[in-house]
Amino acid sequence: MAKLVKTEEEVMLGDMARGFLDEAAPVSHLRKLRDAGETEDKGLWAEMAQMGWAGILVPEEQGGSDMGHAAAGILAGEMGKTLVTSPFLSTAVIAATALRQVADDRAGAALQAIAAGDRTYALAIDESHKFNPDKVELSAEKVGNGFLLNGSKTFVVDGGNADRLLVLADAEEGLTLFDLPSDRTGITRTHTAMIDSRDSARIDFSDVEATGEDVLGSVGYAANILTPALRAGQAALAAEATGLAAGAFGMTVEYLKERKQFGMPIGAFQALQHRAAHLWCETEVTASAILHAGRKLDEDPASAGLAVSLAKSRATQTAKLAVIEGVQMHGGIGMTDAFDMGFYMKRARVAAEWLGDYGYHAEQVARARGF
Amino acid sequence: MQEIFDPEAFRSALRAWLEENCPEEMRDNAQSETSICWGGKRWTFESDAQKTWLERCAAEGLTVPTWPRAYGGAGLDRAREKVFHEEMARINARSPLQSFGIWMLGPALLHFGTEEQKLHYLPPIARGEVRWCQGYSEPGAGSDLASLQTKCEDKGDHWLVNGQKIWTSYADQADWIFVLVRTDREAPKHKGISFILLDMESEGVTTRPIQLISGKSPFCETFFDDVKVPKEQVVGDVNRGWDVAKYLLTHERQMISAGAGGLAGGGRALGAVLSEDNGGELDTVLRAEAMQAEVDALAIGLTLERYKDQAEAGQGAGDASAMLKYMGTELNKQRYELLMSSGGSDALEWDGPTGGRPSDWLRTKANSIEGGTSEVMLGIVSKRVLGLPG
Ligand SMILES: Cc1cc2nc3c(=O)[nH]c(=O)nc-3n(C[C@H](O)[C@H](O)[C@H](O)COP(=O)(O)OP(=O)(O)OC[C@H]3O[C@@H](n4cnc5c(N)ncnc54)[C@H](O)[C@@H]3O)c2cc1C
């Protein structure tokens, strides 16, 4: 396997991303959106697409930059550091990976639209409060040559704004993935006000008509497309959460050096030093799992499940610790809305839950390791 | 074996060599105290096979595969070193030799030693002929190692050493000892220390074993009374021994964390062992704890890999080895807590159905003390990595 060191190109990509995001999307950008009651910035996404980010997993024939999953993880990590709001994960990672599994013209055109920044997607999979992709009740009943979809989805991240939806449905032949425009008749989207101020929706499907054209891949074989797409999303989300942890940790270490009590910087107190050092150790260990998951997805995707679940479970735990310590070590100011740490804490909680929480992924690790 | 640079060509040659040369009895991956040879004049081979295995590996430089060939190694780079470990693991081969000479003194000599010292001291380590022990800690100098007081005076044609070391692992089994001594009592504490090599058979050296809570007594008090040491047995510059000492410690820490992390990657999952203990059933709390330990073990194993890859790319681990040591040893302690819990009353008998488990459990408690305590590791991270004040 390629080495667990970032290549020169990967380092450059990260530096370039950091430079851009510090200007275009620092945490204050998220705050501005939230204060304005908005959950997207189309201009920002257009710029990202220009830089090749929207097409990071799209083949060059379709106008993508095709840099692979490790590179996608690096971008996600940089976005996590300043809590960037964008459809990157849903569209550029999850939908692009799903569409790549299908070799037809329609999928090709969709990939092209993604890379150009012209089309956004959301994955509609959850039906209850916990991630469980095996348990789907939304039904796709066969009617004539097509289907009628009935049921509802919840926690559809980016689902309020997305142009299209990837919908997991139960058809007679088994689980089937549909690729539908989100304004198709019978689809009702309800924005949910999320703690992290990002886009998420509850979506109801009432006699929604779909044709064979709308099926991604084959009827009854959703897993062939969904499994790689979920893994790609989980790995990138883990990278984002790790970036988030690094962002929160960076603020905390700065504060330890700057805030004075008892006539000295609070970072001189060993009780805080050791906790900060422990947290750094956790972030270093998690960083290895993140890079490894990206490499596995690039080189041996069929057996990347363990690597991905390892990354997601570690990242979830590390981000949680980083934000808990982040608030605690800032004292009262850490609890104020005017200060950014709260944004990190809320995003960490959402990232923990999305696409499978710690328990879900630790369970996958245990099974893969034989117990 | 001829020197082969291409990793895959090396793999096939090595595989054939192992097939031919690794005795059947050495293919059981045994890990106990006596199953892997520690070398030295006092070593009693457990079997003829153990002896043959050592000799054959030593002849090919495979006891210290990454050391240069001139000093008894095989000169392997990281890619071939990986292949070496993979091929050894593939046939469950025992390591032919382990020692403080390989883990600690060797790297320090390779970095700080003169050419003469390297040629003199390294090959006997590689062949398992000389066993070394480590004389760092003193009764008054543990975590605050630099406050050590063992006196070393310049007597013109020799050094004269007086003082006491403690917690010297295997001092009673070792042929030689590397010792930190004070050569300048006036200088600030880090600036008056030298790193010397000393023959345990020198007149005036005595050792007294200390028993551990795990029932074993592998470490000793070591006393030096007017011990004469030849002038050339100083490594690095006189009074600059702290540099050597620290460099050696980073290797010691990596070794300790590799021992702990190594349990992770290739080996069986802890959860699988626990489940076997209990007839395939694991209670929910234990299983959840085993999951967490497994997640951490795999990630720490990857971190060891990552740091090795970084080192090869020219990015040294430096102070981050404190991180590996801290994370690896704390995890190892937790793993043994779970093993004890899973073993129940079986694991309460010294030589019961779980074999040496209780003794191993107790021994792991030293992992976060030896080579620098967890608290000291966190101190290193907070000051040197994070730049926190004080
Ligand atoms: C099994 C075993 C084998 C060993 N083998 C060797 C060997 O071969 N050669 C050798 O030279 N030594 C050896 N040692 C010694 C080992 O390196 C020391 O025990 C260790 O460095 C700690 O020193 P100490 O025992 O004096 O404890 P102390 O330094 O007295 O520490 C006591 C407690 O105080 C804490 N503490 C100390 N300073 C600080 C601080 N600044 N901040 C916060 N907490 C602090 C420590 O973390 C620890 O919890 C061995 C030890 C063990 C247990």
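Atoms considered below: every heavy atom in the structure, side chains included; atoms not considered: hydrogens, waters and symmetry mates. Chain A is the first sequence line, chain B the second, and so forth, proteins listed ahead of strands; every chain is numbered from 1. Here the structure is a predicted model, which is why all the values come from computation and not from measurement.
- Taking every heavy atom of both residues into account, A/Gln273 and B/Pro389 meet most closely at NE2-O, 2.8 Å.
- With a threshold of 4.5 angstrom between heavy atoms, B/Val273 does not approach chain A through any atom at all.
- Residue contact with chain B, scored on non-hydrogen atoms closer than 4.5 Å, involves the side chain of A/Tyr358 exclusively.
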Run the numbers on A/Val5 and B/Tyr307 for side-chain contact (heavy atoms from CB on, under 4.5 Å), then give the verdict. CA-CA 8 Å; A/Val5 191; B/Tyr307 273 88; over 6 Å; no

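- For the pair B/Leu378 and A/His278, the minimum side-chain heavy-atom distance is below 4.5 Å.
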side-chain contact (heavy atoms from CB on, under 4.5 Å) assessment of A/Arg369 paired with B/Leu298: CA-CA 10 Å; A/Arg369 295 283 291 152; B/Leu298 291 169; 4.0 Å; yes

Decide yes or no on side-chain hydrogen bond (donor to acceptor under 3.5 Å, both in side chains) for A/Gln270 and B/Glu375, but give the supporting numbers first. CA-CA 10 Å; A/Gln270 199 185 52; B/Glu375 291 74 22; over 6 Å; no

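- Interface residue B/Met327: only side-chain heavy atoms are found under 4.5 Å from chain A.
- A donor-acceptor pair is defined here as one N or O able to donate and one able to accept, closer than 3.5 Å; no such pair exists between the side chain of B/Asp309 and the backbone of A/Lys3.
- Counting heavy-atom pairs closer than 4.5 Å to chain A, the top-ranked of the candidates B/Glu305, B/Lys82, B/Gln292 is B/Gln292.
- Once rounded to the nearest 0.5 Å, the distance linking CG of A/Leu4 with CD of B/Gln310 reads 9.0 Å.
- Atom CG of B/Leu386 is separated from atom NZ of A/Lys257 by 7.0 Å, given to the nearest 0.5 angstrom.
- Within a 6.0 Å sphere centred on CE of A/Met335, other residues, nucleotides and ligands contribute 12 heavy atoms or fewer.
- Among B/Gly387, B/Gly390, B/Gly280, the residue with the largest count of heavy-atom pairs under 4.5 Å with chain A is B/Gly387.
- Scanning all heavy atoms of the two residues, the minimum distance from A/Trp280 to B/Ala320 falls at CH2-CB, 4.1 Å.
- Residue-environment remark: NZ (A/Lys320) stays at or below the threshold of 12 foreign heavy atoms within 6.0 Å.
- Among residues at least two apart or in separate chains, salt bridge (charged side-chain N to carboxylate O under 4.0 Å, His left out) pairs with a member in residues 354-364 of chain A are A/Lys130-A/Asp357, A/Glu363-A/Arg367, A/Glu363-B/Arg287.
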Exercise answer: donor-acceptor pairs, residues 285-293 of chain A side-chain atoms, under 3.5 Å, sequence neighbours excluded:
{"residue": "A/Thr286", "atom": "OG1", "partner": "A/Glu282", "partner atom": "O", "Å": "3.0"}
{"residue": "A/Thr286", "atom": "OG1", "partner": "A/Arg314", "partner atom": "NE", "Å": "3.1"}
{"residue": "A/Thr286", "atom": "OG1", "partner": "A/Arg314", "partner atom": "NH2", "Å": "3.1"}
{"residue": "A/Thr286", "atom": "OG1", "partner": "A/Thr318", "partner atom": "OG1", "Å": "2.6"}
{"residue": "A/Ser288", "atom": "OG", "partner": "A/Glu284", "partner atom": "O", "Å": "3.3"}
{"residue": "A/Ser288", "atom": "OG", "partner": "B/Thr303", "partner atom": "OG1", "Å": "2.7"}
{"residue": "A/Ser288", "atom": "OG", "partner": "B/Arg306", "partner atom": "NE", "Å": "2.8"}
{"residue": "A/Ser288", "atom": "OG", "partner": "B/Arg306", "partner atom": "NH2", "Å": "3.4"}

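- When the options A/Ile266, A/Leu272, A/Leu256 are evaluated for a side-chain contact (heavy atoms from CB on, under 4.5 Å) with B/Leu388, the one that passes is A/Leu256.
- When every heavy atom of A/Cys281 is checked against every heavy atom of B/Tyr326, the shortest pair comes out as SG-CD2, 3.8 Å.
- Between chain A and the residues B/Ser275, B/Ala290, B/Ala313, the most heavy-atom pairs under 4.5 angstrom are made by B/Ala290.
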